[in-house]
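In listed order, ligands and their atoms are each counted from 1. Numbers here are sequence positions counted from 1. The structure displayed is predicted, hence computed values, not measured ones.
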Amino acid sequence: MDELVALCKRRGFIFQSSEIYGGLQGMYDFGPLGVELKNNLKASWWESMIYENDNIEGLDSAILTNPLVLKYSGHEDTFSDPMVDCKSCNLRFRVDQVPDSCKKEDLTEPRQFNLMFKTNVGPLEDGESFAYLRPETAQQIFTNFKNVIDSTSKSLPFGIAQIGKAFRNEITPRNFIFRVREFEQMELEYFVMPGMDDKSHDSWVQKRLDWWVAQGVPMDSIELYDVPKNELAHYSKKTIDIMYKFPHGLEELEGIANRTDFDLGSHSKKQEELNIKSNVAANKDSNSKLAVQDEEGNWVVPFVIEPSAGVERGFLAILNEAYNVENLDDGNSRVVLKLKPHLAPVKVAVIPLKKNNEDIVNLANEVKVKIQSLGLGRIIFENTGNIGKSYRKHDEIGTPMCITVDFESLENKTVTIRDRDSMAQSRIDISEIPSFVESKIKS
Ligand code: GAP
């Protein structure tokens, strides 16, 4: 973990937030390379969910949430962790995260601590005009259920997917970006007919595993955890967690829950007219029935399968898998990030061999512009004049290819392409670069 943290800071992936004022615990900022990798990861998820499935639609809902949403979702009552104070060090911990240095006799009895952040809305600070910062992106998917159906004419089974910030006032944020107070979730709520939920759940577990493997997280670093009944969230009938071997231990990367008809049922008016299977609190405030009608005209509240992944945890797992230190034949070593090309923050670095040779520099610039126009992501023109140093840097940030423009390029319009993983170099025609680069990045 220390090596990853150091690399992230050194190369501009991740910085401590508000660092110049001593930081803010549980908050991180993504730097120039971090934002690229994060965007690429989110784009890959979006593509696999929405573009590859005609029955899944996207959503981008507000973060500040009407408290009634989180009252009826059950979060006001249940979204809490048990916390203890240590009378010796005067610090507060989640019960399962008390450090060994605190003696048992110094700890207070556990108390429940609600993890939701509140903020004032409007100019009055009367304690009444407040909103919650959403603790999961899911709830506004449920509250928009009817809007999406009415505007897209979807019928079951169908899904609504969203990527966005979520906030939790974690008692003990820790392990770099693994447990933070502000993070992003990639969540799908997939609505199915009751009775079809178990099969759909199994199939989503498999689809999500396949997706993580395609992002460079191999199956031998993953374990599935069938969450025992006494650990299930209040809405869940069954949850399978995808556990990843993080540098600090085996922990949850993504949860895939069967949320039954709890959420749509909870947020509905006239619940007695609906055949709700789960145990929901009476709703006096909703103005909508979040249900569909079957062929006989009966109201049915769909069951929901929810794959919910954390962007930061995905980022950390991907970085951890990609990070390699290799010993070279010349006795030196190199750090190389073997990221999948579609995730790499920089796709190609174009390097003129001679920094001050106008013809070489101009041709290298032309090559850069040509590759950039392919729309594959960030292409960098790297005019340091030190080719060895440029290769080392691009190995370390995971750039799949470096293209060098040299004197021969001026004569015969060819360039050298160096492959990040094998370090092999080959010469190709400038005219062949677009197809070569495209096939490599999309592979
Ligand atoms: N809507 C379901 C839900 O929110 P969750 O298991 O509480 O379920 C889903 O969270 C995912 O969000 C987790 O698998 C994890 O990847 C990520 N996550 C949750 N809390 C987090 C935190 N404090 N810091 C970073 N990621 C977090």
Side-chain angles (χ1 to χ4, degrees), residues 14 17 24-28 30 38 41-42 45 59 61 63 65 69-70 73-75 78-81 94 96-97 113-117 132-143 159-190 201 204-205 208-209 211-212 215 217 222-227 231-244 246 248 250-260 262-264 266 304-320:
I14 298 171
S17 192
L24 183 59
Q25 218 199 350
M27 308 286 171
Y28 287 91
F30 285 77
K38 200 179 189 210
L41 182 63
K42 292 191 284 182
W45 186 91
L59 184 77
S61 67
I63 286 170
T65 306
V69 174
L70 293 149
S73 70
H75 284 80
T78 62
F79 198 62
S80 50
D81 277 339
R94 217 170 88 169
D96 58 342
Q97 291 169 358
F113 173 75
N114 195 294
L115 301 180
M116 288 196 291
F117 282 102
Y132 288 114
L133 274 67
R134 63 183 178 200
E136 60 171 4
T137 66
Q139 287 307 318
Q140 302 285 28
I141 294 183
F142 300 128
T143 58
I160 306 177
Q162 168 157 237
I163 300 177
K165 292 265 187 183
F167 300 82
R168 296 183 188 178
N169 197 3
E170 297 282 355
I171 300 164
T172 29
R174 49 162 66 183
N175 296 317
F176 193 33
I177 55 169
F178 175 82
R179 186 178 305 286
V180 283
R181 290 181 168 140
E182 174 176 343
F183 55 99
E184 280 189 90
Q185 290 185 316
M186 305 183 283
E187 296 199 302
L188 166 70
E189 308 303 321
Y190 196 72
H201 193 205
W204 275 107
V205 171
R208 297 305 302 143
L209 288 172
W211 185 81
W212 281 114
Q215 310 316 306
V217 182
I222 286 176
E223 282 179 28
L224 292 183
Y225 180 61
D226 191 345
V227 179
E231 286 177 26
L232 287 174
H234 60 280
Y235 49 71
S236 174
K237 162 180 159 187
K238 182 179 170 84
T239 296
I240 300 288
D241 283 346
I242 298 182
M243 309 290 282
Y244 171 73
F246 284 98
H248 62 278
L250 185 70
E251 295 238 39
E252 180 185 334
L253 171 64
E254 167 163 356
I256 301 143
N258 182 340
R259 291 182 79 129
T260 67
F262 177 85
D263 299 276
L264 294 180
S266 296
V304 177
I305 306 303
E306 178 198 61
S308 171
V311 175
E312 283 72 8
R313 291 189 188 178
F315 190 111
L316 188 56
I318 285 162
L319 215 58
N320 186 43

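The shortest N or O to N or O distance between V180 and ligand 1 is below 3.5 Å. In terms of polar-atom proximity, defined here as any N/O pair under 3.5 Å, G310 does make such a contact with ligand 1. Close N/O approach between L253 and ligand 1 is found [any backbone or side-chain N/O within under 3.5 Å]. Residue E312 places no N or O, backbone or side chain, under 3.5 Å from any N or O of ligand 1.
The residue F79 has no part lying near ligand 1, judged by heavy-atom distances below 4.0 Å. Here T137 has no heavy atoms under 4.0 Å from ligand 1, in either its backbone or its side chain. Within the 4.0 Å heavy-atom criterion, the part of E187 lying near ligand 1 is the side chain and not the backbone.
In this structure F142 satisfies the ring pair (Phe, Tyr, Trp, His ring centres under 6.0 Å) test with no other residue, sequence neighbours excluded.
Residue contact check: E254 has heavy atoms under 4.0 Å from atoms 14 (O) of ligand 1.
For the residue pair Q139 / Y132, no side-chain donor-acceptor distance below 3.5 Å is found, with atom types taken as modelled.
Of the listed options Y235, F315, Y244, F178, F178 places a heavy atom closest to atom 25 (C) of ligand 1. For the residues R168, R179, E136, R259, the heavy atom positioned nearest atom 5 (P) of ligand 1 is part of R168.
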